[in-house]
Each structure stands twice: as C-alpha cells, then as structure tokens.
Amino acid sequence: MKLIGPFKQIITLDHLDLRGKLSDEQLIIIENGGILIKDEKIEAVGDFEDLKAQNPSVFVEAIDSEQIVLPAFVDCHTHICFGGNRANDFAMRNAGKSYLEIAEAGGGIWSSVQHTRNASEEDLLNLLLERINKLLSLGITTIEIKSGYGLNVESELKMLRVIKKAQALTKATLVPTCLSAHLKPRDFEGSSEVYLEYILNDILPIVKAEDLAHRVDIFIEKSAFLPDESKAFLLKAKEMGFKITVHADQFTPGSSRIAVEVGALSADHLEATSADDIQFLASSDTVAVALPGASVGLGEPFTPARKILDANGILAIASDWNPGSAPMGNLITQASILATFQKLSTAEILAGLTFRAAKALDLCDRGILAKGKKADFVVFLTDNFQNIMYQQGELRPSKVFVNGEMLTI
Ligand code: NIG
Ligand code: FE
C-alpha cells in the first residue's frame, strides 16, 4: 500500500449521474486530500492526515506543492494510427476548395489510406507511439484507436496488429476498433454492399481469431455508407460478437437513430442531428460523443452538446484526432472550446472527459476517484481545478499516474 498526497484539491467526480445536466456545485472537492493505493487500485480517497493516521506504517509518496488531482482523461474516439500528413487539404479547404477539388488534388481519406498502406509496420508503430505519448502527456491514459486507413484485408490487419504491438509498449490502455467500413476504397471492385460483405467475411473473422478488436465502427454518410446497408452490416457484426459504435449525423441527420436501434455503445459526431433524433438518442443508453476537434478542423457546427444534456443524454467528448478533419489532437483545448460555444459547466466537461467517456468504451472501472477504481489520475500544478478549462489546454499536467505509478511524461 502507499499513500499519495497531500493534494490541495481532489476532484473525485464521484456520485455524479451518468446522464444529463451537471452543475459545478455537485462536484465533491476534498481539500488537503490523499489517495491510498493497493494492488494498482484505489483503496481510499479522503483527508490526507486521516488516511495517514489510519495507516501509520504506510509508505507516503509526497506531493511537493500546491497541486490538484482528478481522474485521468479518456479519449474515446481517435484515428491516430496513420501515415502521411494532410496539411494541403487543410489549406485548400480554408481557401474555399470543395471536397471534390481536394480529392482531385490527391487529398481526402484516400490519401491517408495510401500513406498508411505504404508505411512499414515499424514506421507506423513509431508514429503511433509518438501520438500516444502526446496524449499521455495531456493526462489521457485510456485511448480508443480505430483502423480505417487500410481498407483491405492486409492493411486493416496491419493497422490493428500495430495497435496491439503498441499496447505492449505503453502504459496507456488502448481500445482498438475495426473501422474497415470507413469508406469503400477506390480500388475495390464492387458496390458498397459487396464491400461490407467483404469486411464481414474476410476481415472480421481474422480480427476475432487474432483478438485484434472487440469493436466495429462504420461511417454512415452520403459519401460513405448508406443507412440501410449500414444497419444490416452492424447487426451482422453484432451477431459475430462485436460491440458497435457509429460515425453518425456528421453532415446529414438520421444515422444516430440506427446507432440506437442496433444498441451501439456510442454515436459519435452528431453535428447535424435533428431535434427529434436528439430526443431519441438522449433517451437511450447509447453515449453521444461530441468531437469538437472535427468542428474546429472543418469549420462545421459543434455537436449540440447542451441540447443533448438538457434532454438527459449521456455526453462524452473525444478528440477524433486524425490527419484530415481533426489534426490538432489536444482534447483539453477542444473540450474547453466546446464548453464556450455550447455553454457547458466544468462538471459536464470533466464528466464527458472521464467516466462518461469510459462508458462509451464499456469500461466501468475508471473515470472516478473512488475505492476499487483503476488508479489512473492526472495532477496539475494549480490551486483551483477551474484553471484547467480556463487555460484552454495551456495548463499541462505536472504528473500523470497509471495504476498508481507515476509516469515520466
Ligand atoms: O471522424 N468522418 C469520417 N472520418 C473521420 C475523418 C477521417 C479523415 O478525414 O481522415 C472523422 O472525422
Ligand atoms: Fe472519427
């Protein structure tokens, strides 16, 4: 056992509802607190001096000055396994060029597919580890990572195997997702329905046999896969034992409904969700995932996070870090921007970055500082937790702990 502290403030995020509105008055803040660790898990959270008195012989890992601590963040939607760079897409888009013009100039998702297909496993692994380390340095210790830049058996499996290798080399928890249904690749001969069959018959059985991912995602959109074929695909993937998540309502409404109907863990994007669909989604157990990094990257509206919370939905916030629509990768900056535009309380933002995001990954062992939870937490050198959002990502963690051990960040 060891006791870590004393911290100026512990923001436990305990005893908050999984769904709906939250006010900052509901936050439990322990002043001069300590965290007791046993077998990599949290044994107790409370007053530092009390915990010390109750455990007189415990090893104390002292915290040197005014620091606050909260549960480590969870990024429940990323595409950080990729080769190449799409700075030219960004510049062209900002200069007013259309999606088609960008694609004709060699950009778009297809450009990332070619770079990822051409990258060696070793190069892809190194790029991925660099990005994981950046997220760890921001206090994000659980990271979902999608395939979807391979789009054939060989390269989709390469991506997922690289993610598996990365897991052996990092302390972060990586949650892989098979997004072979990101787009029908240009070199696939056959309809999108046939491509979805190919994923079901030729890719997912190997993903399962090699235990490369337990989750399947699809991009439902006019430019990608249509609602009916997507629903049939998701139901079959579910029958194979995969959990489901969906890229939904990014540019056109309607697909979050499919996510709910198939019992998806989460429906992500939702920038174009209609009022009716917000109600439908918010009454379900499917987590609504806002991706402000994509809104900022594309100049598109923000996910209606306020309305989702007011309708009692479960709202998580993720980075969508990818080379095209969301190149920034700083989830804390993005969450702070979302709060400003959508009028979210600090409690709503912190919940969306921690236990509500963990729910989107079906992980109930983290995101809260309480007895029995995974001892992942993030420490900031500041005397007030409000400074984290106030400084819009510029206040970096001073320490990050995984399983009760301090990382070198
Ligand atoms: O989540 N919307 C589809 N897919 C990604 C973009 C991927 C890319 O542009 O490379 C997204 O924003
Ligand atoms: Fe995405």
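Both ligands and their constituent atoms are indexed starting at 1 by order of listing.
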| What is the nearest protein non-hydrogen atom to atom 4 (N) of ligand 1, stated with its residue, atom name and distance? | H182 NE2, 2.8 Å
| task | Consider ligand 1: state whether an atom of it lies below 4.0 angstrom from any non-hydrogen atom of H269. | result | yes
| task | Measure the shortest side-chain to side-chain distance between V74 and L361 over non-hydrogen atoms and say whether it is less than 4.5 angstrom. | result |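 SC-SC contact between V74 and L361 confirmed.
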| query | Which of these passes side chain to side chain contact (heavy atoms under 4.5 Å, CB included) with P304: L309, I278, L315? | reply | I278
Relative to the heavy atoms of [X], which atoms of ligand 1 are at a distance of less than 4.0 Å?
{"X": "D320", "value": "1 (O), 11 (C), 12 (O)"}
{"X": "Y149", "value": "7 (C), 8 (C), 10 (O)"}
{"X": "R86", "value": "8 (C), 9 (O), 10 (O)"}
{"X": "Q250", "value": "2 (N), 3 (C), 12 (O)"}

| request: Please say whether more than 12 non-hydrogen atoms of neighbouring residues, nucleotides or ligands are located less than 6.0 Å from OH in Y198. | output: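 Correct, the count exceeds 12.
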| message | Check D277 with R257, please: is the shortest side-chain N to carboxylate O separation under 4.0 Å? | response |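 Looking at D277 together with R257, the answer is yes, because their closest N to O distance falls below 4.0 Å.
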| message | Between K8 and D383, does any NZ, NE, NH1 or NH2 come within less than 4.0 Å of an OD or OE carboxylate oxygen? | response |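 Salt bridge absent between D383 and K8.
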| task | Could you tell me whether S325 approaches ligand 1 through its side chain, its backbone, both or neither, with non-hydrogen atoms closer than 4.0 Å? | result |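 Answer for S325: both.
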| said: If you apply the rule ring pair (Phe, Tyr, Trp, His ring centres under 6.0 Å), what do you find for H182 with Y149, and how did you get there? | reply: CA-CA 8 Å; H182 198 181; Y149 292 125; 5.5 Å; yes
| remark: Exactly one of R19, K21, R306 clears salt bridge (Lys or Arg N to Asp or Glu O under 4.0 Å) with E348, and that residue is R306
| note | Note on the Fe ion (ligand 2): protein N/O/S atoms within less than 2.8 Å are H77 NE2, H79 NE2, H247 NE2, D320 OD1
| said: For N403, is there any backbone N or O sitting under 3.5 Å from a side-chain donor or acceptor partner on D376? | reply: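 Present.
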| Judged by atom type as modelled, is there a donor-acceptor pair below 3.5 Å linking the side chain of Q9 to the main-chain atoms of I68? |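 Side chain of Q9 to backbone of I68, a donor-acceptor pair under 3.5 Å: no, none is there.
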